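Presented below is the structure to which this report refers.
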Amino acid sequence: MIQNRFYAKTRYDRDIRPSAEREVLFYQSFWTLTANPEVLAAPDLIELAAKYGRSPAQMFFRYLDATRHSVSDRHVVKDHMQQDLSIFEFRLSPEECESLGALLLRSP
Ligand SMILES: NC(=O)c1ccc[n+]([C@@H]2O[C@H](COP(=O)([O-])OP(=O)(O)OC[C@H]3O[C@@H](n4cnc5c(N)ncnc54)[C@H](OP(=O)(O)O)[C@@H]3O)[C@@H](O)[C@H]2O)c1
C-alpha cells in the first residue's frame, strides 16, 4: 500500500499513481477532496456526474476506486458518508475512466 498526499495540480505523484493500475499494489490517497478543487470543478467531471445523478465528489471517488486507488476518506456530515458509500451502486465504462484519467493529466 502506498499512501500519499493526492495533489493533482502539483504533479507530485503523477508517475506513481498509474503504476497502481499495472502493479499488484494499492495507492491510498489522502487530501483527495481538499487538494483537488480544480478536478471537482472540471466541466467534464461535472457532466459525467450529472449523467449518473451523482455529485462531483462521488464521481471522483468512483473513478479512483475503479482505477485501484484506495481513498482515505473522512466526514462529519452524515450525508457525505452515505454519498461516499453509495459510489459502489454504479460503474463507469472503460471509456469514461479513460476520459477522467485524461482530465487528471490535464489538471493545471
Ligand atoms: N497519513 C497521513 O499523513 C494523513 C494525512 C492527512 C489525512 N489523513 C487521513 O486521511 C483521512 C481523510 O482526510 P482528508 O483530509 O485527506 O480528507 P479529504 O477527502 O481531503 O476531505 C475531507 C472533507 O471532504 C468532505 N467530504 C467528504 N465526503 C464528501 C462528499 N461526498 N461531498 C462533499 N464533501 C465531502 C468532508 O466534509 P464533512 O466533514 O463536512 O463531512 C471533509 O471536510 C482522514 O482519516 C485523515 O486523518 C492522513
Side-chain angles (χ1 to χ4, degrees):
M1 172 83 76
I2 296 177
Q3 188 189 68
N4 239 343
R5 174 184 313 130
F6 185 23
Y7 221 136
K9 187 169 67 175
T10 65
R11 306 176 181 213
Y12 168 69
D13 58 3
R14 182 167 288 186
D15 294 336
I16 297 173
R17 286 186 303 98
S19 71
E21 295 175 51
R22 295 191 303 269
E23 313 290 340
V24 184
L25 58 84
F26 283 97
Y27 174 101
Q28 184 173 73
S29 66
F30 58 83
W31 289 10
T32 317
L33 297 182
T34 310
N36 296 294
E38 301 85 359
V39 172
L40 294 166
D44 288 0
L45 182 128
I46 290 172
E47 192 178 317
L48 197 56
K51 173 182 165 185
Y52 285 91
R54 305 286 170 161
S55 71
Q58 286 178 300
M59 182 51 63
F60 194 25
F61 283 164
R62 178 66 279 193
Y63 161 76
L64 292 172
D65 179 76
T67 52
R68 294 178 54 83
H69 295 68
S70 164
V71 176
S72 181
D73 194 12
R74 77 175 157 88
H75 13 63
V76 172
V77 175
K78 192 176 173 188
D79 276 357
H80 287 159
M81 182 175 69
Q82 286 167 339
Q83 287 173 21
D84 296 349
L85 290 172
S86 71
I87 64 162
F88 302 106
E89 294 170 358
F90 70 105
R91 282 179 183 275
L92 299 177
S93 70
E95 294 75 22
E96 289 167 337
C97 280
E98 204 170 304
S99 98
L100 291 181
L103 166 67
L104 288 180
L105 290 176
R106 288 199 305 275
S107 182

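All residue numbers refer to positions in the sequence shown, counting from 1. One-based numbering, in listed order, for ligands and for the atoms of each. Computed from a prediction, not measured in an experiment: that's the story for all the values here.
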Inset, instruction - Check each protein residue for a heavy atom under 4.0 Å from ligand 1 and list those that pass, ordered by chain and number. - result: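 Those residues closer than 4.0 Å to ligand 1 by some heavy atom are Gln3, Phe30, Trp31, Thr32, Leu33, Thr34, Ala57, Ser72, Asp73, Arg74, His75, Val76, Val77, His80, Gln83, Asp84.
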Inset, instruction - Return yes when atom CZ of Arg91 has more than 12 non-hydrogen atoms of other residues, nucleotides or ligands closer than 6.0 Å, and no otherwise. - result: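 No, because the 6.0 Å sphere around CZ of Arg91 holds 12 heavy atoms or fewer from other groups.
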Legend entry - Other cluster members, Leu85 - Ile/Leu/Val/Met/Phe/Trp/Tyr, side-chain contacts below 4.5 Å: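 Traced through the cluster, Leu85 reaches Met81.
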Legend entry - Side chains of Tyr52 and Glu96, donor plus acceptor under 3.5 Å: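 Yes, a side-chain donor-acceptor pair sits under 3.5 Å.
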Legend entry - Value rounded to 0.5 Å, distance of CD in Gln3 from OG in Ser72: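 Here the interatomic distance stands at 5.5 Å.
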Inset, instruction - Would you please classify the geometry between the His69 ring and the Tyr63 ring as parallel, tilted or perpendicular, with 30° and 60° separating the classes? - result: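 Tyr63 and His69: tilted rings.
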Legend entry - Hydrophobic cluster membership, Leu40 vs Tyr7, 4.5 Å side-chain cutoff: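 No, it is not one cluster - the side chains of Leu40 and Tyr7 are not joined through contacts under 4.5 Å.
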